[in-house]
Amino acid sequence: MLKSIEIRKKFINFFSERSHKIVSSAPLVNKDDPTLLFTNAGMNQFKDYFLGNKVITDPRVANTQKCLRVSGKHNDLEEVGVDSYHHTMFEMLGNWSFGDYFKEEAIQWAWELLTEVYGIDPERLYATVFEGDSNDGLSHDEEARNIWREFLPDERILDFGKKDNFWEMGESGPCGPCSEIHVDLRSDEDRKMTEGALLVNRDHPEVIEIWNLVFIQFDRKADSKLQPLPAQHVDTGMGFERLCMVLQGVKSSYDTDIFAPLIAEVERITGKKYGGSYDRSKKSDIAFRVIVDHLRAVCFTIADGVLPSNTGAGYVSRRILRRAIRYYYSFLSREEPMIFMLVNQLAEQFREVFPELIAQRELVAKVIEEEERSFLRTLSEGLRRFSQLDHDSGKLSGEVAFELYDTYGFPFDLTALLAREKGLEVDEEGFKKCLKHQRERSKKDAKKTVGDWMVLQAEKSSVFLGYDQLEVERAQIVKYRITQQKNKELIHLVLDRTPFYPEGGGQVGDRGKLISDSEEITVLDTFRENELIVHRVDKLPKNPEGHFRAVIDRERRAATEANHSATHLLHAALREVLGKHVQQKGSLVAPDHLRFDFSHFQKLSQSEIQKIESLVNEKVRENIPVLEERSIPLEQAREKGAIMLFGEKYEDEVRVIAFDPDYSIELCGGCHVASTGQIGFFKITSESAVASGVRRIVALTGIAAENFIREQSELMAQIKDQLKNPQDLLQAVVALQEDIKKLRSEIEDLNARQAGNLHSELKERAITVENIHLIAEVIQLDDSKALKTLVFNLEKELAPSVIITGAVIDEKPQLMIAISKEIIGDQLHAGKLIRDAAKHIRGGGGGQPFFATAGGSHVPGLASAIDHLKQAVIAAVTKTE
Ligand code: SER
């Protein structure tokens with residue numbers, strides 16, 4: 001049996017021998033393309049070659065790409081675990097031609113690799129081709145069919161429409177007709193019985209697509225029109241896990257050597273057996289598959305630099321992990337974290353091909369474990385909430401099922417299961433209605449229409465000059481676009497040459513002005529969209545074809561540069577003081593502060609923070625000049641020991657920034673000071689935890705740091721002044737605290753004494769109504785603990801009794817009622833009584849039948865509240881009699 005590692009290798013070698021450059025996988029999390037959260041196809045990283053935004057240096061490329069299809073156009077999440085071949089994260093083997101070979105070679109090589117190298121029986125293969133689409137004005141792909149005729153009989157070349165045979169990355173972008181290869185894995189008997197051609201594209205688990213050859217020829221515009229591209233390209237994608245399933249002769253990708261060892265480990269941890277069933281009611285088998293699948297998606301997202309969170313990619317990763325947790329919790333009876341235990345095995349499995357996981361396995365496991373713990377806590381709170389529900393009606397409303405889903409992450413299945421155990425019926429329709437309502441609301445919130453680029457200068461690209469220039473004369477607009485977002489109009493421009501730094505590598509985008517003879521446009525922000533540098537401006541120029549002086553806000557940029565260089569010095573200091581395990585996990589470089597997240601497993605001590613701060617300031621005073629190498633080969637940078645980040649996609653040529661190469665050297669595209677002295681002064685203002693295993697430092701430089709110190713010392717002066725300028729400030733504060741402690745205990749004594757006096761006074765004033773002792777008084781006791789003891793004691797001593805007090809505690813009115821257990825009744829119910837009375841003090845309250853309290857805001861209402869209670873109790877007592 002061919003191992004998966006060998007299968008991958010054979011693919012890579014095959015295309016390498018055919019002059020393809022082998023490149024690495026882009027990160028799973030897409031940072032440069034605002035239209036995509038995750039890499040969903042091998043071609044994403046090459047999008048700009050197809051669109052002509054980037055110069056093609058290698059016309060033939062191949063690789064294996066980590067992909068995730070859990071959001072946007074391609075979303076398989078709900079299928080995962082249920083069937084035998086869908087996955088969240090999967091590897092896509094791909095080969096590409098950028099304006100080089102086209103259909104002929106793509107088909108010929110695919111056939112050769114599958115049948116000759118991998119030895120798949122040609123009789124089991126089918127090809128599909130595009131049948132054309134009148135709406136798009138596209139005709140049948142006769143060319144592809146003719147090429148396939150060399151290898152397959154006509155009856156195994158099948159026509160399919162746009163849904164199956166026209167590939168698009170998203171709502172817009174590069175696209176084209178495709179030709180898919182399907183394989184029929186059924187037994188000979190089954191194959192004789194039903195023609196395989198009838199099962200292609202019919203969701204049959206044994207007749208599946210393995211390879212998609214896309215012939216990229218168009219750009220789908222925002223108005224859904226197709227615009228032909230200047231050149232024709234090939235984009236192929238083969239599902240690696242499916243290929244392994246075919247070549248390893250198993251019926252499910254979960255039975256390949258990619259997943260089977262992980263499933264065995266889940267069996268070991270949970271003590272449950274995997275049955276390999278695809279019956280939808282066999283939830284435990286689905287759970288096994290969900291766990292091993294989701295594990296991969298979550299591990300690689302974290303390794304690629306995105307921590308689980310409540311927004312964006314982090315939120316998707318959190319949801320995937322929670323889906324896995326719910327499955328083991330509900331169907332494998334596992335109530336303890338367990339996914340983190342699988343990280344090591346997964347990391348070993350990918351040691352060669354995706355080494356980012358092995359390098360960060362400790363961090364990844366820690367983050368996952370913490371997420372599991374906290375979600376399991378939420379689940380058990382949800383269970384508690386469930387047990388508190390009023391179950392008398394025999395029904396569980398759709399709203400409650402939705403609350404359990406929305407707040408506690410209970411899938412409907414779980415709620416239904418719990419309800420069934422209690423003999424309750426759940427209103428599924430009501431639940432669906434709530435869900436639909438929420439979805440519609442969030443869709444409305446996210447509504448955004450991205451306009452098409454209006455191209456003014458087709459031949460010009462956008463060049464960044466901002467490392468050397470803060471101003472550019474005679475810049476021209478290459479294209480512009482208007483986007484509608486939540487009723488707001490966003491105007492975007494691309495210039496042919498620009499000094500504006502687009503947000504990236506943590507550094508915020510530049511702001512500034514575009515000035516022409518007749519007008520001044522404000523640049524509000526600058527960001528990158530793949531190869532484009534996009535300026536968000538306040539208005540469209542009256543004459544977009546004119547020339548502009550592009551000027552950035554110098555002060556803002558200078559402050560940002562100081563913070564960026566300080567970030568590098570900090571990064572190096574962290575590695576020196578804490579150790580080389582420190583990895584950057586996030587960074588924000590703004591003009592007014594810097595924020596740096598990094599992997600480290602405990603809180604920093606005060607002395608560590610001091611050491612780090614001193615080391616950075618020492619480097620600032622050394623006034624080290626920046627060493628910039630703008631374009632050196634990646635390998636050379638690596639040899640020099642430049643720090644690289646996981647989750648970044650580096651080009652073959654990179655930029656290296658060093659402040660003394662023996663101290664700080666990093667790959668970086670950002671803006672920096674000319675020498676470290678310009679940072680002025682570095683001050684850490686906080687150190688905290690972001691997630692398990694990830695710490696955060698916030699720091700200031702230059703004027704901001706100076707202001708911070710000034711504010712601190714002013715505050716100190718004010719405190720001193722307040723304390724009458726003591727010789728020793730610390731000693732004075734300690735003395736103050738001791739005084740407070742002493743006074744507090746004196747007050748407690750006094751209160752106790754007062755409560756004692758009150759006790760005898762109240763007892764004397766108790767009245768008797770139908771054999772029940774009743775006290776209802778407003779009293780002077782500003783201590784709720786003492787008051788409670790007093791009320792309880794009186795209730796016991798005078799039992800059967802009703803004790804009602806009103807008091808002002810911490811300047812707020814408070815009511816308290818205690819009723820002896822033996823006389824509690826429907827009317828004599830402390831919780832119910834107090835609810836009405838609370839209105840007099842403009843507040844609310846509640847409690848048990850024998851004891852209840854209420855707080856409010858209206859002290860003058862205390863007397864009438866007490867009176868109300870007194871009358872209510874008397875009425876109740878007399879009525880009962
Ligand atoms: N882009 C195509 C796909 O994802 C082929 O790589 O299927």
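All residue numbers refer to positions in the sequence shown, counting from 1. Whatever order the structure lists them in is the order used to number ligands and atoms, beginning at 1. These numbers come from a predicted model, not from an experiment.
Annotation: salt bridge (Lys or Arg N to Asp or Glu O under 4.0 Å) contacts involving residues 203-216, sequence neighbours excluded, comprise E206-K251. A salt bridge (Lys or Arg N to Asp or Glu O under 4.0 Å) check over residues 38-48, counting only residues at least two apart or in different chains, returns the pairs D33-K47.
More than 12 heavy atoms of other residues, nucleotides or ligands sit less than 6.0 Å from atom CZ of F464.
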Show every donor-acceptor pair shorter than 3.5 Å between a side-chain atom in residues 292-313 and any protein atom, with sequence neighbours excluded, or say none if there are none.
residue: D293; atom: OD1; partner: T88; partner atom: N; Å: 3.3
residue: D293; atom: OD1; partner: T88; partner atom: OG1; Å: 2.5
residue: D293; atom: OD2; partner: H87; partner atom: ND1; Å: 3.0
residue: D293; atom: OD2; partner: T88; partner atom: N; Å: 3.0
residue: H294; atom: ND1; partner: V290; partner atom: O; Å: 3.3
residue: H294; atom: NE2; partner: R323; partner atom: NH1; Å: 3.0
residue: R296; atom: NH2; partner: M89; partner atom: O; Å: 3.1
residue: R296; atom: NH2; partner: E241; partner atom: OE2; Å: 2.8
residue: T301; atom: OG1; partner: A297; partner atom: O; Å: 2.2
residue: D304; atom: OD1; partner: K66; partner atom: NZ; Å: 3.4
residue: D304; atom: OD2; partner: L28; partner atom: N; Å: 2.6
residue: D304; atom: OD2; partner: K66; partner atom: NZ; Å: 3.0
residue: S309; atom: OG; partner: T311; partner atom: N; Å: 3.3
residue: S309; atom: OG; partner: T311; partner atom: O; Å: 3.2
residue: N310; atom: OD1; partner: R318; partner atom: NH1; Å: 2.9

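Protein neighbours of ligand 1 below 4.0 Å, counting non-hydrogen atoms: A41, M43, R69, M92, W167, N212, V214, D235, T236, G237.
Nearest heavy atom pair, residue G42 against residue W96, reads C-CZ2, 3.3 Å.
Proximity of the aromatic rings of H20 and F15 is defined here by a centroid distance below 6.0 angstrom, and this criterion is met.
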